There are 2 protein chains.
Amino acid sequence: MYAVTTIRSAAAPKKFEVTCSSCNLRELCLPQGLGATDIARFENVVYARRRIKRGEALFAAGDEFKAVYSVRSGFFKTSLVDGEGREQVTGFFMGGELLGMDGIGAARYNSAAIALEDSEVCILPYALIEQLAAEVPSLQRRLYAVLSREIARDHGVMMLLGSMRAEERLATFLLNLSKRFTARGYSPSDFHLRMTREELGSYLGLKLETVSRLFSRFHDDGLIEVQQKHVRILDAAGLEQILATRH
Amino acid sequence: MYAVTTIRSAAAPKKFEVTCSSCNLRELCLPQGLGATDIARFENVVYARRRIKRGEALFAAGDEFKAVYSVRSGFFKTSLVDGEGREQVTGFFMGGELLGMDGIGAARYNSAAIALEDSEVCILPYALIEQLAAEVPSLQRRLYAVLSREIARDHGVMMLLGSMRAEERLATFLLNLSKRFTARGYSPSDFHLRMTREELGSYLGLKLETVSRLFSRFHDDGLIEVQQKHVRILDAAGLEQILATRH
DNA sequence: CGCAGTTTTGATTCATCTCAATTTGTGTGG
DNA sequence: CCACACAAATTGAGATGAATCAAAACTGCG
């Protein structure tokens, strides 16, 4: 286990006064549910942030696992590349969501995290978090819960990829995105997609042309407005209806 | 948090002397890497086993989350059913593998676990495991690692479902199964599938007829022998070749 | 021994992919 | 600030892998 000072000097990113207690993403982020005293201890461990420009990697698959990251602003994709060069986008991440947890088990990141817009993350040095979790039961519980929810989330994606037709996949994705934007105080119906059609296609198990055609079809059906990356949901109930339609 | 005695009297399954230290699945199971003293404490918490007959549920989606289970013998599937009645098999589990971890976050199981043959599991009461983990760093580390690996495993399935063609999916599945059997001292090439073609199809995102046809094709190509649920791998390199083939 | 559930196989359809051309948008350097 | 070059998105036509529908064969359980 590293000493705090060692890690600080080794990583040496911009040092900020990190104050989770006043962060508006607090309730979506790791310290959710912690009391004032525990949050203070937590802030002491989360001592820095890091900026990542669009297109840059926060970490790559195979990199040594040292920290988990919480998205403070911006947008990320995570993706996996197999031995044959196939890329699979495994998720999209926005404010308050945690990145890198799949690296704990193997001490190396299992996937890569790429910023899809200029972004900023809070660095959560894993050794310190782990140590603190052993002392603070509410943090320990929260950490297990976050890992477990990630598993449940992945199962949802497996359902999407394994059992849904193309238009159900896109409808599910749009509704999910809408919900997450809402939780962050943004419009539930009006947003800018940060990923390309190809990245979205990879995530949904579809080719980019298919994604593009689906957007056009949803548009023609009056469900959404699309203009390149800008999407406006006109008929959320209609999108839900797609999921209810017998297949 | 429950007192040990409360949980014991509440659950009251057959009481066994559980001795992880002498279990041949020890190195695949949760207590992997624990020293003698810690294993003893662990055994004290894992105080019981439970038998599940073929076709029965170890737990159902939505059940209150109380324990994680380790497969002692037998074979399970886990599956998810969405609002529209679609079933998605999310995994198959054999000796030493852990079931139910997706329930930690929501305090309810997120999926159902069904025995595909008469099976036995060790009951790992979560409240006690959590408590012990806070005191035993090696167990804490192992628990985080197990959760993290489950996430990484799920990402592998997402790759399979999102980026592979039907025959690549089946080849991947067979090779994975072979590896897991090998790790448990069984033949790497000769095994009995416990799931139906439909269950396997659900897991692989294919229809049962497609799975059946793929088995026939692999048979015709001299890669495997199949007779209903019995499979013998004749040419593992050939199966790997399928994955390497440009798509 | 018989029946229900499972698997195999065939014929056909259809959703999605592939290939290709065009349009639209974006970042960069003059 | 504009023009150019490159990246991204759209749309069309046609190919194809897997789904669907249907029937027959097998298996093992009661």
Side-chain angles (χ1 to χ4, degrees), chain A residues 53-56 75 77 86-89 114-118 160-171 173 192-221 224-231 242 245-247, chain B residues 53-56 77 86-89 114 116-118 160-173 192-221 224-231 242-243 245-247:
Chain A
K53 287 223 187 68
R54 180 150 85 101
E56 286 182 353
F75 200 86
K77 71 167 176 180
R86 273 177 285 249
E87 187 194 2
Q88 175 68 35
V89 172
I114 313 286
L116 298 184
E117 62 179 317
D118 292 356
L160 180 139
L161 290 170
S163 312
M164 292 186 185
R165 292 171 319 100
E167 55 173 30
E168 297 176 310
R169 297 184 200 184
L170 184 60
F173 171 76
H192 193 83
L193 298 176
R194 257 53 226 218
M195 72 292 292
T196 65
R197 298 287 189 260
E198 184 167 24
E199 288 161 336
L200 182 49
S202 170
Y203 179 67
L204 299 176
L206 302 169
K207 290 293 161 187
L208 69 98
E209 297 95 327
T210 305
V211 174
S212 179
R213 276 184 240 277
L214 287 169
F215 273 123
S216 300
R217 188 183 325 160
F218 283 5
H219 190 175
D220 294 348
D221 294 351
I224 61 174
E225 269 178 18
V226 222
Q227 194 125 34
Q228 301 279 136
K229 291 206 157 73
H230 180 256
V231 173
I242 288 178
T245 308
R246 266 283 128 259
H247 27 112
Chain B
K53 286 224 189 67
R54 178 148 85 100
E56 287 181 354
K77 70 167 176 180
R86 272 177 285 249
E87 188 195 2
Q88 175 68 35
V89 172
I114 313 287
L116 297 184
E117 62 178 316
D118 293 355
L160 179 140
L161 291 170
S163 313
M164 292 186 185
R165 292 172 319 100
E167 53 174 31
E168 297 176 309
R169 297 184 200 184
L170 185 60
T172 301
F173 171 77
H192 192 84
L193 298 176
R194 257 52 224 218
M195 73 293 292
T196 65
R197 299 287 189 260
E198 185 167 23
E199 288 161 337
L200 181 49
S202 171
Y203 179 68
L204 298 177
L206 303 169
K207 290 294 160 184
L208 68 98
E209 296 95 326
T210 305
V211 174
S212 179
R213 276 184 241 277
L214 288 169
F215 273 124
S216 300
R217 190 188 319 165
F218 283 5
H219 191 175
D220 295 348
D221 294 350
I224 60 174
E225 270 178 19
V226 221
Q227 194 124 36
Q228 302 280 135
K229 292 205 154 74
H230 181 257
V231 173
I242 287 178
L243 304 179
T245 308
R246 266 281 129 262
H247 27 110

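A, B, ... follow the sequence lines: proteins, then strands. Residue 1 opens every chain. Computed over heavy atoms, backbone and side chain alike; hydrogens, waters and symmetry mates excluded. Just so we're clear, the structure is a prediction, and the values are computed from it rather than from any experiment.
Across all strands shown, B:G205 has heavy atoms under 4.0 Å from sugar-phosphate atoms exclusively, and none from any base. At the heavy-atom level, A:T196 lies under 4.0 Å from the strands shown only through sugar-phosphate atoms. If you check every strand for non-hydrogen atoms under 4.0 Å, B:L206 touches sugar and phosphate atoms only.
The salt bridge (Lys or Arg N to Asp or Glu O under 4.0 Å) check on A:E209 picks up nothing, with sequence neighbours excluded.
Nearest heavy atom pair, residue B:L204 against residue B:R169, reads O-NH1, 2.8 Å.
Mapping A:V211 and A:Q228 onto DNA chain C by nearest heavy atom places A:V211 at the nucleotide closer to the 5' end. Residue-to-nucleotide proximity on DNA chain C shows that, of B:Q227 and A:E167, the 5′-proximal contact is made by B:Q227.
In this structure, A:E87 places its CD atom where more than 12 heavy-atom neighbours from other residues, nucleotides or ligands lie under 6.0 Å away.
Taking atom CZ on A:F218 and atom P on D:dT10, their separation rounds to 13 Å, with Å as the unit. Here the P atom of nucleotide D:dA9 and the CG atom of A:L200 are 9 Å apart, to the nearest Å. Rounded to an integer number of Å, the gap from B:K229 NZ to C:dT6 C1' is 7 Å. The CD-C1' distance, from A:E209 to C:dT23, rounds to 15 Å in whole Å. One interatomic measurement links the two molecules: CZ of B:R54 to C1' of C:dG5, which rounds to 11 Å at whole-angstrom precision. Taking atom NE2 of A:H219 as the reference point, atom C1' of D:dA9 lies 15 Å away to the nearest angstrom. Put simply, CG on A:L193 is 17 Å from C1' on C:dT26, counting in whole angstrom units.
Between the side chain of A:R213 and the base of C:dT18, a donor-acceptor pair under 3.5 Å is found.
No side-chain donor-acceptor contact under 3.5 Å links B:R197 to the backbone of B:L208.
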